[in-house]
Protein chains: 4
Amino acid sequence: MPAPQPPVRHAMTTSSSPTHAGVDIARIDDADRSRFRIENGWSYGFPRLVEWRDVDGFRHANHTAFLLWFEAARNRYLEAVGLPRLSADTPGPVMMTLEARYLQPLAYHDQIFVTARVRSMRRTSFIMEYAAWSEAGCHATCTAVLVLMINATGEKVAIPEAVRAAIRTLDAPVEEGSPPDGSGQPRAGEERR
Amino acid sequence: MPAPQPPVRHAMTTSSSPTHAGVDIARIDDADRSRFRIENGWSYGFPRLVEWRDVDGFRHANHTAFLLWFEAARNRYLEAVGLPRLSADTPGPVMMTLEARYLQPLAYHDQIFVTARVRSMRRTSFIMEYAAWSEAGCHATCTAVLVLMINATGEKVAIPEAVRAAIRTLDAPVEEGSPPDGSGQPRAGEERR
Amino acid sequence: MPAPQPPVRHAMTTSSSPTHAGVDIARIDDADRSRFRIENGWSYGFPRLVEWRDVDGFRHANHTAFLLWFEAARNRYLEAVGLPRLSADTPGPVMMTLEARYLQPLAYHDQIFVTARVRSMRRTSFIMEYAAWSEAGCHATCTAVLVLMINATGEKVAIPEAVRAAIRTLDAPVEEGSPPDGSGQPRAGEERR
Amino acid sequence: MPAPQPPVRHAMTTSSSPTHAGVDIARIDDADRSRFRIENGWSYGFPRLVEWRDVDGFRHANHTAFLLWFEAARNRYLEAVGLPRLSADTPGPVMMTLEARYLQPLAYHDQIFVTARVRSMRRTSFIMEYAAWSEAGCHATCTAVLVLMINATGEKVAIPEAVRAAIRTLDAPVEEGSPPDGSGQPRAGEERR
């Protein structure tokens with residue numbers, strides 16, 4: 001008799017109670033926050049399984065698997081706040097820098113929860129953070145500096161105001177150097193964006 | 001104002017009404033069957049998104065992305081019918097042959113549904129079929145001949161009776177050459193398994 | 001004292017003696033043919049390493065890794081015979097069907113040799129075969145039916161005569177249904193292409 | 001008539017003049033250093049092609065493709081300096097942190113050169129740096145903090161003296177906290193390793 005499987009939860013569910021009109025937002029609910037020990041300060045995310053394609057010869061999720069989950073979370077977050085679906089001709093995120101910290105390994109078919117948030121926004125660039133959680137807590141965190149760009153031309157694009165507004169309904173990002181007052185103090189290394 | 005997102009459904013939900021005691025089976029429900037135009041004859045599957053990691057420079061899902069989705073479906077199916085989680089020391093599937101047929105391309109962030117079924121079983125080998133569906137119908141089908149093997153030793157293992165029984169609750173596989181009567185007629189090319 | 005490493009050969013070398021004017025063709029040389037036990041009938045290929053990204057939790061090359069090597073071989077072959085570098089707006093191969101046969105596993109950092117050839121050509125479609133070899137012989141073979149297509153529009157394109165001629169310098173493909181005489185006998189399942 | 005291909009160089013060649021007895025070291029030669037504009041301070045690396053599997057829907061190498069090339073470079077470097085081939089039961093690198101900086105995009109079939117070096121060593125941990133180069137200069141750099149560990153047990157292992165010696169023949173790493181004098185000044189954040 002096959003052993004009972006632990007209940008595998010919906011991986012790509014989205015909130016049934018969006019807080020922003022028209023935006024289908026994968027807000028973290030209390031059950032997931034508790035089960036996956038997700039810290040306050042994260043609002044957006046969704047569960048997924050560690051799949052066979054994610055593990056390497058050490059039978060742990062490869063370090064790049066985390067980054068692909070974070071990429072998926074980034075793309076869904078940005079679509080949820082109103083950026084068009086990624087294409088060559090529309091504004092999309094281009095990665096400038098990436099920092100990742102690996103805290104605990106993940107094994108094949110571990111049930112995880114991936115979270116994403118915007119930490120700060122400038123005119124055309126923004127900083128996102130990501131984390132991967134299981135019932136054992138946080139497994140990895142990541143910070144990326146991204147620039148909004150028309151991929152086909154390389155032209156930088158200002159983050160649309162509607163997108164900024166939708167991001168504010170999820171997170172409380174620092175907004176640096178925003179017009180009109182331009183008073184934001186750029187951090188080291190971000191001057192050019 | 002961000003445009004409304006189409007509702008993205010749960011990708012890894014499993015049935016709330018398992019038909020086999022203790023087995024958490026991702027049975028296809030009527031709503032999904034209708035939405036994704038899934039033919040009768042498929043009982044098991046789950047929705048997922050075409051992610052950025054799945055698409056190549058043609059902005060379509062790469063031909064290997066389909067096979068990775070089918071691998072994920074195979075692994076979840078086999079775990080659902082009672083095989084242990086994949087490891088080096090327990091019986092797991094090893095692929096002998098693969099045939100895939102690509103019918104329609106899939107684009108980034110298309111919502112799809114992946115199905116899996118067992119078509120036939122012999123003593124240690126079995127044939128599985130897979131398909132990928134969207135609201136536009138079937139995009140690809142695949143057939144794989146697999147052998148159950150202890151990966152660390154290469155030893156072939158008979159499909160356990162409890163696993164056979166659980167598979168029968170999902171699919172109606174041809175069972176060839178099963179003991180004790182051994183009356184099954186092997187197909188060409190399957191004699192050795 | 002570190003142990004001596006086996007000599008790892010150049011993976012992407014191409015022939016220094018192209019047989020077709022202007023085409024830089026990775027013809028298999030006698031040393032590789034002997035070392036990797038490559039059968040006659042294969043003219044084109046190149047060595048590569050099984051990398052960490054290619055192996056899965058069984059510590060063998062995943063079944064899709066072989067297909068990605070074959071994809072790389074296909075792309076280099078087609079570029080060598082004169083197709084433009086893959087892009088959305090130029091004729092490129094689109095896979096219709098795939099058949100793979102897995103014969104022996106490959107382990108991490110095994111030195112392999114990947115071969116490709118064209119078996120037959122029709123007006124817009126062609127059949128390619130691939131194989132992966134090591135010093136232990138053949139590990140996998142694959143056959144793919146491909147159609148030449150402008151990816152952006154889906155328009156089928158006739159294989160250019162110069163490309164056909166370059167393919168003939170490498171392989172001896174059956175040429176079916178070629179204009180003007182149309183005498184080629186299509187095989188079952190290839191009628192439409 | 002197919003256009004002439006640019007000469008695609010050997011991707012996995014290793015030096016024919018190893019500087020350390022028994023170590024097969026992919027030392028960068030002068031021709032590659034000049035062609036790929038590789039800065040002094042890098043001794044080890046090898047060329048490779050940007051393959052179709054490396055590019056995403058923007059037709060540029062995905063940010064994780066760079067990291068997989070760096071992983072391949074790390075593994076070959078460490079094997080060259082005498083660490084055993086990666087396995088569960090032998091000392092292998094486990095990534096703690098990763099920092100990447102993306103400078104210029106890379107396109108499909110760009111010919112690149114990937115370099116690796118050890119910047120510093122402690123008892124069981126070390127810091128490696130990586131870079132990807134083309135004829136247009138440097139495209140990305142990366143720094144990783146790695147710990148040498150028996151993967152199956154999680155046990156940290158001191159970097160063997162012979163490996164340290166071989167690394168010194170390639171690079172001039174800072175050696176912090178090494179026995180017996182222990183005079184190395186740990187940097188912030190590295191105290192525990």
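Labels below follow one simple rule: chain letters A, B, ... track the order of the sequence lines, proteins then strands, and each chain is numbered from 1.
- Neither the backbone nor the side chain of D:Thr143 has a heavy atom closer than 4.5 Å to any heavy atom of chain A.
- Scanning residues 134-142 of chain D against chain A with a 4.5 Å non-hydrogen threshold yields no residues.
- Contacts with chain D were tallied for A:Thr64, A:Asn62, A:Asn151, A:Leu103; A:Asn151 has the most, counting heavy-atom pairs under 4.5 Å.
- Contact check for D:Tyr102 versus A:Met96: no side-chain heavy atoms found under the 4.5 Å cut-off.
- Atom-to-atom distance recorded for D:Met95:CE and A:Phe66:CZ is 11.0 Å, nearest 0.5 angstrom.
- With sequence neighbours left out, A:Arg33 forms a side chain to side chain donor-acceptor pair (under 3.5 Å) with no residue at all.
- Looking only at side-chain heavy atoms (C-beta outward), D:Arg101 and A:Leu98 stay at 4.5 Å or farther from each other.
- A:His63 is linked by a side chain to side chain donor-acceptor pair (under 3.5 Å) to nothing, counting only residues two or more places apart in sequence or in another chain.
- Applying the salt bridge (charged side-chain N to carboxylate O under 4.0 Å, His left out) definition to pairs two or more places apart or across chains, those involving residues 52-62 of chain A are A:Arg53-B:Asp54, A:Asp54-B:Arg53.
- Taking the side chain as every heavy atom from C-beta outward, A:Val94 and D:His60 never approach each other to under 4.5 Å.
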